[in-house]
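Report on one structure; see the data block that follows.
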Amino acid sequence: MSNDTVTHSAARVAELAETLDAAALDGRTVHRPTDTGPLTLDEAYAIQRAVIERRRARGETPTGVKMGFTSRAKMVQMGVDDVIWGLLTDAMRVEDGGTLDLDGLIHPRIEPEIAFLIGRPLSGRVTSEEAARSLAGIAVAHEILDSRYAGFRFTLPDVVADNASASHYACGPWHHPDSRSLGNVGLTVEIDGRVVATGSSAAILGHPLRSLAAAARLAAEAGITLGPGQIVLAGAATAALPLPRGAHVRVLGAGLGQVEVTTR
Ligand code: 0L1
Ligand code: MG
């Protein structure tokens with residue numbers, strides 16, 4: 001690759017990061033990067049990191065990662081055979097029982113997820129069992145997605161560049177990681193007391209610990225380590241649901257308690 005090509009790529013990464021960051025700040029959609037030219041997955045992850053660097057420069061602190069495309073159905077839909085990740089910061093966190101103002105979001109959706117709290121450094125090619133040994137806690141969680149592209153329509157590099165549609169998240173009380181089996185945890189989403197979706201943690205790569213092991217692999221590929229206190233959102237147990245205003249949204253996980261958020 002010539003120096004000119006490298007410079008061109010770096011400039012495009014910076015420009016697209018600025019565009020996507022501004023879109024999230026302003027709550028408006030933007031063109032997909034692949035509408036104007038090819039984008040490699042490496043470039044897409046570089047854009048993702050640059051978006052987070054911009055957030056850090058505004059004072060946000062990284063809090064962990066979210067895994068995406070963790071269901072077979074979604075992988076088939078996107079024509080991919082591996083998971084992706086997005087990066088989380090403290091500004092995306094909503095307290096359990098807290099309120100999320102949807103002003104500034106574009107077309108938010110909610111996913112019921114399992115969240116992992118890291119207790120010991122995690123990075124590298126590990127088995128699910130080895131990954132589990134890094135854990136300090138397990139909780140039920142909301143992930144709130146918001147694509148910066150019209151209609152939630154994108155190619156794989158587009159959505160990676162857009163930080164895997166990350167917007168907000170909330171975790172319920174942490175449970176001791178040894179105390180339960182996670183292979184088939186029933187997850188229920190209620191909106192205003194009405195059950196609107198049910199699913200199983202088995203939808204997350206067959207077992208959510210596989211998603212944790214995948215996070216360890218992606219961390220190693222990115223040259224980083226997931227450290228104590230960081231969280232991993234393992235993936236969704238159901239399809240993403242539109243998130244309305246003025247709603248009380250509760251996710252319940254069998255044996256894992258609940259997490260609730262009110263929107264306005
Ligand atoms: O968290 C997810 O599985 C979603 C990843 C990004 C794709 C989307 O916005 O649906
Ligand atoms: Mg998700």
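Computed from a prediction, not measured in an experiment: that's the story for all the values here. Atoms within a ligand are numbered from 1 in the order they appear, just like the ligands themselves.
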I'd like to know if the side chain of Ser134 reaches the main chain of Ile118, judged simply by a donor and an acceptor atom lying under 3.5 Å from each other, with no hydrogens or angles considered. no
May I ask you to decide if Glu143's main-chain N or O and Lys66's side chain share a donor-acceptor pair within less than 3.5 Å?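 Not confirmed, Lys66 side chain does not pair with Glu143 backbone.
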N/O/S atom name from [X] that is nearest to the position of the Mg ion (ligand 2):
X      : result
Glu143 : OE1
Glu113 : OE2
Glu111 : OE1

Tell me whether [X] is salt-bridged to [Y], with the criterion being a basic N under 4.0 Å from an acidic carboxylate O.
X      : Y      : answer
Arg133 : Glu129 : no
Arg148 : Asp21  : no
Arg250 : Glu190 : yes

Write out the residue and atom name of the closest protein heavy atom to [atom], then the distance separating them to 0.1 Å.
atom                    : answer
atom 2 (C) of ligand 1  : Lys66 NZ, 3.5 Å
atom 9 (O) of ligand 1  : Ser165 OG, 2.6 Å
atom 10 (O) of ligand 1 : Lys74 NZ, 2.8 Å

To the nearest 0.5 angstrom, please state how far the CG atom of Asp35 sits from the OG1 atom of Thr155.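 Here the rounded value is 8.5 Å.
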Quick check for you: to the nearest 0.5 Å, what is the distance between Ile138 atom CD1 and Cys171 atom SG? 12.5 Å
Of all the heavy atoms in Thr70, does at least one lie under 4.0 Å from an atom in ligand 1? no
Would you call Ala164 a ligand 1 contact, heavy-atom distance under 4.0 Å?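 For ligand 1, residue contact (heavy atoms, under 4.0 Å) with Ala164 is present.
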Under 4.0 Å to a heavy atom of [X] - the qualifying atoms of ligand 1, by number:
X      : value
Phe152 : 9 (O)
Glu143 : 1 (O)
Val159 : 6 (C), 7 (C)

Going by atom types alone, do Ser200 and Asn184 pair a side-chain donor with an acceptor below 3.5 Å?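 Yes.
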Apply salt bridge (charged side-chain N to carboxylate O under 4.0 Å, His left out) to the pair Glu53 and Arg49, showing each step before the final yes or no. CA-CA 6 Å; Glu53 275 313 309; Arg49 287 192 297 275; over 6 Å; no
When you look for heavy atoms under 4.0 Å from ligand 1, do you find them on the side chain of Phe154, its backbone, both, or neither? side chain
Heavy atoms only, cut-off 4.0 Å: how does Phe69 contact ligand 1, side chain, backbone, both, or neither? both
